[in-house]
Amino acid sequence: MTRRAAVFALVNATALVVALSTGAQIYYLIVLAMASMLALSLISVLLALGTVKTSIRCPRRTAERGGTVPVVATVRHMGLLPVRSIALKLSLPDDAGSLTALEMGALPFETRRYEVSVACPHRGMHLIGVTRASVTDVFNLFTFSKRISGSQFQVEVLPRVTELKPLALRSGDLGDRGLSRMTEDAASPADVRQWLPGDALKKVHWKLSMRKRELMVRTYEESARPDTLVLIDLYPLSSLKSHALTVEDASCEAAASLIKAQLTAGYPVRMPLMSAQPTELAAEDASGFGRFVQALTRVRFDSPFPFEQVMLLEMRRMQRTGGAVLVTPRLNARIVGLAMQMARGGMKVFVCWLSDSRREEALSMLTRLNDMGVKAIRIDPWGEGLTPELMTQRVEYGT
C-alpha cells in the first residue's frame with residue numbers, strides 16, 4: 001500500500017463516520033465509491049502480479065571493457081483489469097551507471113518491449129537480468145512486487161588490448177636470427193653447412209673445411225626458446241571497491257597487451273596466476289593468446305600471497321626465462337630489490353607500476369630501476385593505460 005492509499009483509506013473512513021452520524025445517503029455513496037476503487041485497485045495489482053511474464057535477452061554477450069551490450073526486455077500480464085505500470089528491477093555490472101529499473105505501461109494481454117544499452121565499465125563475468133517485478137494500479141494506490149528467477153544471462157567483458165612492440169629478451173637480440181643463435185645447444189651438434197657471413201669462427205669445422213677446400217660450419221640442435229614470465233600482483237587492494245576495480249582492469253590490460261606482443265613476435269609466454277585458486281598458462285605463439293584473455297577476464301584479485309612472496313617462488317624455477325614482466329599497484333624496496341636481482345641473473349625485466357600517485361619515494365625507486373637497466377614505468381589506471389608511447393618514452397622521475 002502506498003502513502004496515497006493510506007490517505008485515501010483515511011478519507012474513506014472519515015466519510016463513513018460522517019455517513020453513520022448524519023444518515024445522509026450521499027455520504028454512503030461516497031464511501032461505496034471509494035471502497036470500490038480500493039478493491040478494484042487491489043484486485044488489478046494482484047491479478048497482474050500473479051500473471052506477469054518477463055523475458056530479457058542480449059543479442060551479443062561479449063564486450064570489451066568500456067563498451068556496451070544491447071539488452072531487450074519484454075513484459076506481459078494476463079490480468080483482466082488494466083494497471084498503471086510494471087517496473088522491472090535490473091541486475092547490472094558494477095558501476096554500470098545505467099538505469100537500474102525499467103518502467104513500462106502494460107495493458108492486459110499486450111506485450112511491451114524495451115531496449116537499452118548496458119555499459120560495461122569493468123572486465124569480468126557479469127550477470128544481467130531481471131531480479132524483481134513491481135506492479136502499480138491505475139490510481140497509484142497499491143504497489144506490490146515479487147522476485148523473478150531464471151531471467152538472467154552472463155556477459156563476458158574482456159580487457160582492452162593495445163598493440164605494442166615486443167620486449168627483447170636479450171640486449172643483443174637480432175630478431176629471429178638472433179633468437180636462433182641464442183637458443184642453440186652447443187652440446188648437441190646436428191649437421192654441417194657452408195659458412196655464411198656472420199657465423200662465429202668457433203663453429204667452423206676445420207678438418208672438413210680443409211678436405212672440401214671451403215669453410216664449413218657446424219649446426220646445432222636448438223634448445224627451447226627462453227620464455228617471458230608475466231607476474232601480476234593479485235593481492236587484494238585495501239581501498240574503495242570502485243578504486244580497486246579500476247586498478248584491476250588496468251593490471252589485466254597491461255598484462256594482456258604485453259602478452260600479445262610477445263606471442264605475436266614468437267616469444268613463448270608463461271603466466272602463473274596465484275589467486276585463491278592458482279593456475280598457470282603457457283603458450284608458444286599467438287594461437288594461444290585467447291586462453292590468456294579468458295584467464296585475465298575471470299581472474300580474481302584475492303591472492304593469499306603478497307607479491308614479494310610470489311616473486312620469490314617464481315625465481316626458484318626460472319630455468320629458461322629470458323624476460324620478466326612485473327605488474328603491480330604496489331612499489332616498495334623489497335619488490336625493487338627482487339626485480340634488480342632478476343635483472344642481474346641475465347633477464348630483461350619490465351616493471352609496470354599501476355598508480356596515479358606521485359610519491360617521491362616511489363618515483364625515486366622507478367628512477368633507480370631504470371638506472372640499473374630495468375625498464376620501469378608508472379601507468380595511471382584512470383588515464384590511457386599502457387600505450388606504445390609510454391613503452392618507448394624515457395621518463396625521468398626525479399631523484
According to a 4.5 Å side-chain heavy-atom criterion applied to Ile, Leu, Val, Met, Phe, Trp and Tyr, with indirect links allowed, do [X] and [Y] form part of one hydrophobic cluster?
X: L354; Y: W382; answer: yes
X: L42; Y: F8; answer: yes
X: V269; Y: L281; answer: yes
X: L231; Y: L312; answer: yes
X: Y235; Y: M315; answer: no

Say whether, by atom type as modelled, one donor and one acceptor occur between the side chain of [X] and the main chain of [Y] under 3.5 angstrom.
X: W353; Y: I379; value: no
X: R378; Y: S355; value: yes
X: T264; Y: A261; value: no
X: R123; Y: T297; value: yes
X: K146; Y: L49; value: yes
X: R291; Y: A282; value: yes
X: R60; Y: T68; value: yes

Salt bridge between R160 and E253, side-chain N to carboxylate O under 4.0 Å?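 Yes, R160 and E253 are salt-bridged.
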
May I have the list of side-chain donor-acceptor pairs in residues 15-39 shorter than 3.5 Å, sequence neighbours left out?
| from | atom 1 | to | atom 2 | distance (Å) |
| --- | --- | --- | --- | --- |
| S21 | OG | V17 | O | 2.7 |
| T22 | OG1 | V18 | O | 2.8 |
| T22 | OG1 | A24 | N | 3.3 |
| Y28 | OH | A19 | O | 3.4 |
| S36 | OG | L32 | O | 2.8 |

Distance, nearest 0.5 Å, that separates [atom1] of [X] from [atom2] of [Y]:
X: L127; Y: L90; atom1: CG; atom2: CG; answer: 13.0 Å
X: E156; Y: Q294; atom1: CD; atom2: CD; answer: 4.0 Å
X: S44; Y: L81; atom1: OG; atom2: CG; answer: 5.5 Å
X: Q154; Y: R61; atom1: CD; atom2: CZ; answer: 9.5 Å
X: E389; Y: L164; atom1: CD; atom2: CG; answer: 9.5 Å
X: T51; Y: R76; atom1: OG1; atom2: CZ; answer: 10.0 Å

Work out which heavy atom in [X] is nearest to a heavy atom in [Y]; give both atom names and the distance.
X: G79; Y: L47; value: CA-CB, 4.1 Å
X: E103; Y: S85; value: OE2-OG, 3.0 Å
X: M342; Y: A324; value: SD-CB, 4.0 Å

Could you go through the side chain to side chain contact (heavy atoms under 4.5 Å, CB included) check for F301 and L237 one step at a time? CA-CA 8 Å; F301 284 66; L237 282 173; over 6 Å; no

Check salt bridge (charged side-chain N to carboxylate O under 4.0 Å, His left out) between R344 and all other residues, then give those that pass, not counting sequence neighbours.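 Checked R344 against salt bridge (charged side-chain N to carboxylate O under 4.0 Å, His left out); zero matches.
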
Quick one, V71 with F153, criterion side chain to side chain contact (heavy atoms under 4.5 Å, CB included). Give me CA distance, side-chain angles, the key distance, then yes/no. CA-CA 10 Å; V71 173; F153 55 85; 4.1 Å; yes

More than 12 heavy atoms from other groups under 6.0 Å of [atom1] on [X]:
X: E384; atom1: CD; result: no
X: R330; atom1: CZ; result: yes
X: K212; atom1: NZ; result: no

Applying the side chain to side chain contact (heavy atoms under 4.5 Å, CB included) test to L326, which of L331, V230, V351, I232 qualifies?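 Exactly one candidate clears the test, V351.
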
For residues 129-137, which side-chain donor-acceptor pairs fall under 3.5 Å, sequence neighbours excluded?
| from | atom 1 | to | atom 2 | distance (Å) |
| --- | --- | --- | --- | --- |
| T131 | OG1 | K89 | O | 3.2 |
| R132 | NH2 | S145 | OG | 3.3 |
| T136 | OG1 | T143 | OG1 | 3.0 |
| D137 | OD1 | L141 | N | 2.8 |
| D137 | OD1 | F142 | N | 2.5 |
| D137 | OD2 | S41 | OG | 3.1 |
| D137 | OD2 | F139 | N | 2.8 |
| D137 | OD2 | N140 | N | 3.2 |
| D137 | OD2 | L141 | N | 3.3 |

